[in-house]
Number of protein chains: 4
Amino acid sequence: MPEERRGELLATAAEVFAAQGYNATTVRQIADAAGMLAGSLYYHFDSKESMVDEILTAFLDELWAGYDAVLEAGLGPRETIEALVTESFREIDRHRAAVAIYQKEARHLADRHPRFGYLADARLRFAGAWLGTLERGVADGTFRADLDIRLAYRFLRDTVWVAASWYRPGARHGPEEIARQYLSMVLDGIALRD
Amino acid sequence: MPEERRGELLATAAEVFAAQGYNATTVRQIADAAGMLAGSLYYHFDSKESMVDEILTAFLDELWAGYDAVLEAGLGPRETIEALVTESFREIDRHRAAVAIYQKEARHLADRHPRFGYLADARLRFAGAWLGTLERGVADGTFRADLDIRLAYRFLRDTVWVAASWYRPGARHGPEEIARQYLSMVLDGIALRD
Amino acid sequence: MPEERRGELLATAAEVFAAQGYNATTVRQIADAAGMLAGSLYYHFDSKESMVDEILTAFLDELWAGYDAVLEAGLGPRETIEALVTESFREIDRHRAAVAIYQKEARHLADRHPRFGYLADARLRFAGAWLGTLERGVADGTFRADLDIRLAYRFLRDTVWVAASWYRPGARHGPEEIARQYLSMVLDGIALRD
Amino acid sequence: MPEERRGELLATAAEVFAAQGYNATTVRQIADAAGMLAGSLYYHFDSKESMVDEILTAFLDELWAGYDAVLEAGLGPRETIEALVTESFREIDRHRAAVAIYQKEARHLADRHPRFGYLADARLRFAGAWLGTLERGVADGTFRADLDIRLAYRFLRDTVWVAASWYRPGARHGPEEIARQYLSMVLDGIALRD
DNA sequence: TATGAATGAGTCTTCATTCAT
DNA sequence: AATGAATGAAGACTCATTCAT
C-alpha cells in the first residue's frame, strides 16, 4: 500500500513541524525521524512545502466535514456552539500536530504563497460559522447582548485552538471531557453564580 | 543619546520579528526596516539572538513590575484576576510586538539555548501567580469549585495572551475596555443568565 | 567603482560558461576562478541565471548597436553582407565567451524560462536582417537566384557564429582579416574560377 | 531480440540528449520517454555515460565507413569534397540526434573522461581527411590558392555539421539536394559571377 | 525485465556574522 | 556609526545509481 507509507511519513513530518515550527524544521530532521536520508523524502514528496500542504489540507478537509455536519443539523445556537467546540476538541485529539501547525503557521504561509490561499479561505469560513451562530444566539436571547460579538468570536476561536499547543492525546481527560469543561467556562463563566 | 538609537532599532526589530517570526526574519530585513545595511547592526548588537533577548527581557521586566504591584496589593481573588488581566492588556497595548514574539517563540527559544532559560522561569512564575489566585478564589467561594483548576488556568492565560496576535494599538477599544469585556466573558460566561 | 568588480566577475563567469557549458558549470567553479567562495558571488548577483542573463544581454546590446549602424547606412546588398560579417567577427573578437555561450545555450535557455524570451526575439531579428539583405541582393542581381534563400541564410549565419568556438583573440589574424577570408569563400566560393 | 530493445532505447535517449543537452538530460527523462522507470534503464545500460558512448560510437563507426569508402575511391579533390559533403548530409539524415550530440558535447566529453578519447581522435582524422583533400586541390589548381587552408577547413567542417542543429529528416529537401546546394555555395560562392 | 524505494554525493542558494575602511 | 565585501556553515533539492523483489 503506497498510501500507507506516505501517511506515515506525513505523520512523522507533522510531529516535527509541530514541535519545532515549520521554518525551523530541516528536511534532514524529518528524514532522521523517519529513518531515511533527507534526499529520500523527495521520492515521496515534491518539497517541504508540499508536506505541510498535504498535512494541512487533510486536517482541514476532515474538520470541515465535521463542522458541516454540525451546521446542517439544525441545532439551536447554544447546542451549535457546544457541538462545534466538541468537534474541535475531537479534531485536536486526532490531528494535534496538524492543528498546532495550523495555529502557528497559517498566517505566515498564506501570506507567502498563493498555494496556501485556502488557509485564508478557511479563516473566513470559520468566522462565518462562529459569528453566524453567535449572532443567532444574541437575537434569540441565548447569549448576552451586551458583548462585542467580534471579541466574543475571537475569544471562542482562540480559546479552543490554542489548546492544541498543550493538549496531549491519551491524557487523563478525553476530548469530550475537556470540551465540556471549556464550554462550562465559556458559557457560564468561572465566577460562582450568586 | 546612544541608548535612544538602540531603543529605536529594537522596536523596529521587534516589529519585524512579530510580523514574520524570529526564524523567518533575516537580519537584512531588520536592517532594511531601520534604513541601514545588515552588517551595520552588529555595531549595536552582538547578534540576532541578543536582539530578541533584549526585546523579551525588557518586556518581561515591565510585565513583572506590573504583576508584582498587583500581587502585593492584597486584593481579593476576583479583584486580583481583574487587575492581572487588565495589566496584561495594557502590556499588550504597549509591547504588542514583544508579546507576540513571546507567544510564538518562547518555547522554541527556551528549548534551544540556556541563555533563554528565563523564559521557562517566567512560565513557572506565571503559573504560580494565576494558579495561586484561582485556588484562593475557589477556597473562598469566589470561583466555581467544579472546574479543573489547571484547565481554567490555561484557559485564562491563553485567552489573554493570544489577543496579541490580533490586537492593534489605537483601535476603537482601548486596553481597559477590552479587558473589561474579556473579564465579563471569563467570569460570567457568554450565555445569558436566567 | 562597484561596476568594475561586477564586470570582472561577469567576464570570469563568461569564460567558465563558455569553456564548460552553462549547465555543467558549477557556481563554485566560477567562484574559484574569481578567487572567492561560492556564496560570495551572491553578494553581487541574484543567481547563476542572472549571470548568464547579464552576459548575454550585454553582448546582444552591443551587437545590435553595430548591426543597426550597418543596416541604417544605406549600403548595397553585397556591402551590407560584408559589413555584417565584419561586424560579427569584431564582436566575436571582443565577446568571444559571450558569443560561444549564445551559440551553445540560447535555444535551451529560451525554451526553459520566459526570462530569456529576448533570445528568441534576437533570433528573429537576425533572420530579418540577413534574409532581407539576401532577398534584396537576389532581386538586384548581386546574388545568385538559383539558391534556396533560407538555406543560404543558415549557411551564412552558422558559418559566422560557429567561429566563436575556435577563435582565440590575439591570434595571427585579426577579426577583419578573418572576415575578409570568410567573405571571400562565402561570396566567391573556394573553387578556382575558370 | 534483446538488441532491438537496446536500439530503441538508444534512439530514444539520443533524441532527448539532442533536444536538451547531455548534462541537462536526466535519466528519468529518458526513462519517461521510453515508458519505463529510471532504475529500469540500468538493466540495459551501465550508466548514462555508456548511453552517449554507444550512441556516439555507433554514429562514428558508420560515418567512417562512409568516409573511408570515399577516400579510398581515388576521386579528384573536387569530387572527393563533393562526396564527403554528400555523405555527411546522408549521415545527418540518418543520425540527426547523434550528430547534434556530437556537435554540442564532443569537446566537453573528451575533456572529462579518457573513455571518450576516441572523440579527440575522430577530430584529428576529420582534419586529416578534409585538410589533405583541400591541399591536394590547391596543389592541382582545383581550389583557390589564396585562401588560408586551415580557415577553409573549419569553414567546410562547420558549415556541414552545424546543419544538424536545424535539419529535420523528412523535410522538403532530401540530404542529397541539401548537399548539392551547400556545395554550390561553398565551391562557387553566393555572389553572381560576372 | 521492470518496479519501488532508497542512497549519497553534489548543486544552488541563504544568511548570520566579520572586518577593513 | 556605517558601508561594502566577503566568509562559512547550513539548508532545500536533484539526480545517477543501486538493489531487493
Side-chain angles (χ1 to χ4, degrees), chain A residues 1-6 8-9 22-31 34-52, chain B residues 2 5-6 9 22-31 34-52, chain C residues 1-6 8-9 22-31 34-51, chain D residues 2 5-6 9 22-32 34-52:
Chain A
M1 321 272 146
E3 279 315 300
E4 268 181 48
R5 190 78 179 106
R6 275 181 79 82
E8 283 169 29
L9 291 173
Y22 173 71
N23 270 298
T25 298
T26 72
V27 167
R28 195 170 168 268
Q29 286 171 328
I30 300 172
M36 50 169 56
L37 293 181
S40 308
L41 282 174
Y42 290 81
Y43 178 78
H44 301 277
F45 305 98
D46 281 347
S47 62
K48 187 180 160 186
E49 220 175 75
S50 316
M51 293 186 224
V52 228
Chain B
R5 190 80 179 104
R6 275 182 81 82
L9 291 173
Y22 173 71
N23 269 297
T25 297
T26 72
V27 168
R28 197 170 168 260
Q29 286 171 328
I30 299 171
M36 51 170 55
L37 292 180
S40 309
L41 281 174
Y42 287 80
Y43 178 81
H44 301 277
F45 304 99
D46 283 351
S47 64
K48 186 180 165 186
E49 223 174 70
S50 311
M51 292 186 229
V52 231
Chain C
M1 320 274 146
E3 280 313 302
E4 269 181 45
R5 190 80 180 103
R6 275 181 80 83
E8 283 168 31
L9 291 173
Y22 173 71
N23 270 298
T25 298
T26 72
V27 166
R28 196 170 168 267
Q29 287 171 328
I30 299 172
M36 51 170 54
L37 293 179
S40 308
L41 281 173
Y42 289 80
Y43 178 77
H44 301 277
F45 305 98
D46 281 349
S47 62
K48 186 179 163 188
E49 220 175 75
S50 316
M51 293 186 225
Chain D
R5 190 78 180 107
R6 274 182 80 82
L9 290 173
Y22 174 71
N23 269 297
T25 297
T26 71
V27 168
R28 196 169 169 260
Q29 287 171 327
I30 299 171
D32 281 353
M36 52 170 55
L37 292 180
S40 309
L41 281 173
Y42 288 79
Y43 178 83
H44 301 276
F45 304 99
D46 282 350
S47 65
K48 187 180 163 187
E49 223 173 72
S50 312
M51 293 186 227
V52 228

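These numbers come from the heavy atoms of this one structure, side chains and all, not from hydrogens, waters or symmetry mates. Below, chain A is the first sequence line, B the second, and so on; all start at residue 1. Since this is a predicted model, take the numbers as computed values, not measurements.
- Of all the heavy atoms in His44(B) and Arg6(B), the pair that sits closest is O-NH1, 2.8 Å.
- Heavy-atom nearest nucleotides on DNA chain F were determined for Met36(C) and for Tyr43(B), and the one closer to the 5' end corresponds to Tyr43(B).
- Leu41(D) has its CG atom 15 Å from the C1' atom of dG4(E), to the nearest Å.
- Side chain of Glu8(C) to backbone of Arg5(C): no donor-acceptor contact under 3.5 angstrom is found.
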Inset, instruction - For each nucleotide in nucleotides 12-18 of chain E, reading 5' to 3', give B when a protein heavy atom comes within less than 4.0 Å of its base, S when such contact involves only the sugar-phosphate, and - otherwise. - result: SBBSSBB
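- Going from atom CG of Asp32(D) over to atom P of dT3(E) covers 11 Å, rounded to whole Å.
- Residue Gln29(A) contributes atom CD, which lies 12 Å from atom C1' of dA10(F) at whole-angstrom precision.
- Distance check, rounded to the nearest 0.5 Å: CG of Leu41(B) to CG of Leu37(B) gives 9.0 Å.
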Inset, instruction - Go ahead and write out DNA chain E as dot-bracket, 5' to 3': ( ) for pairs within the strand, [ ] for ones crossing earlier pairs, | when the partner sits on another strand, dots for unpaired; Watson-Crick or G-U wobble, both distances under 3.5 Å. - result: .||||||||||||||||||||
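- For the pair His44(C) and dA6(F), the criterion of a side-chain N or O lying under 4.0 Å from OP1 or OP2 is met.
- Here the straight-line distance linking atom CE of Met51(D) with atom OH of Tyr22(D) works out to 8.5 Å at 0.5 Å rounding.
- Between Gly35(A) and Leu9(D), the residue anchored nearer the 5' end of DNA chain E, judged by the nucleotide with its closest heavy atom, is Leu9(D).
- Nearest approach of Lys48(C) to Thr25(C), heavy atoms of both residues: NZ-O, 2.8 Å.
- The two atoms that bring Ala38(A) and Arg28(A) nearest to each other are CB-CA, 4.1 Å, heavy atoms only.
- Taking OG of Ser40(B) as the reference point, atom CG of Leu9(B) lies at 10.0 Å (rounded to 0.5 Å).
- In this structure, Ala24(D) and Asn23(C) approach most closely via the heavy-atom pair CB-ND2, 3.7 Å.
- Rounded to a whole Å, the CD atom of Glu8(A) is 12 Å from the P atom of dA5(E).
- Interatomic distance, OH of Tyr43(B) versus CE of Met36(B), reported as 10.5 Å (0.5 Å rounding).
- Counting to the nearest Å, the C1' atom of dT3(F) and the CG atom of Leu37(B) are 6 Å from each other.
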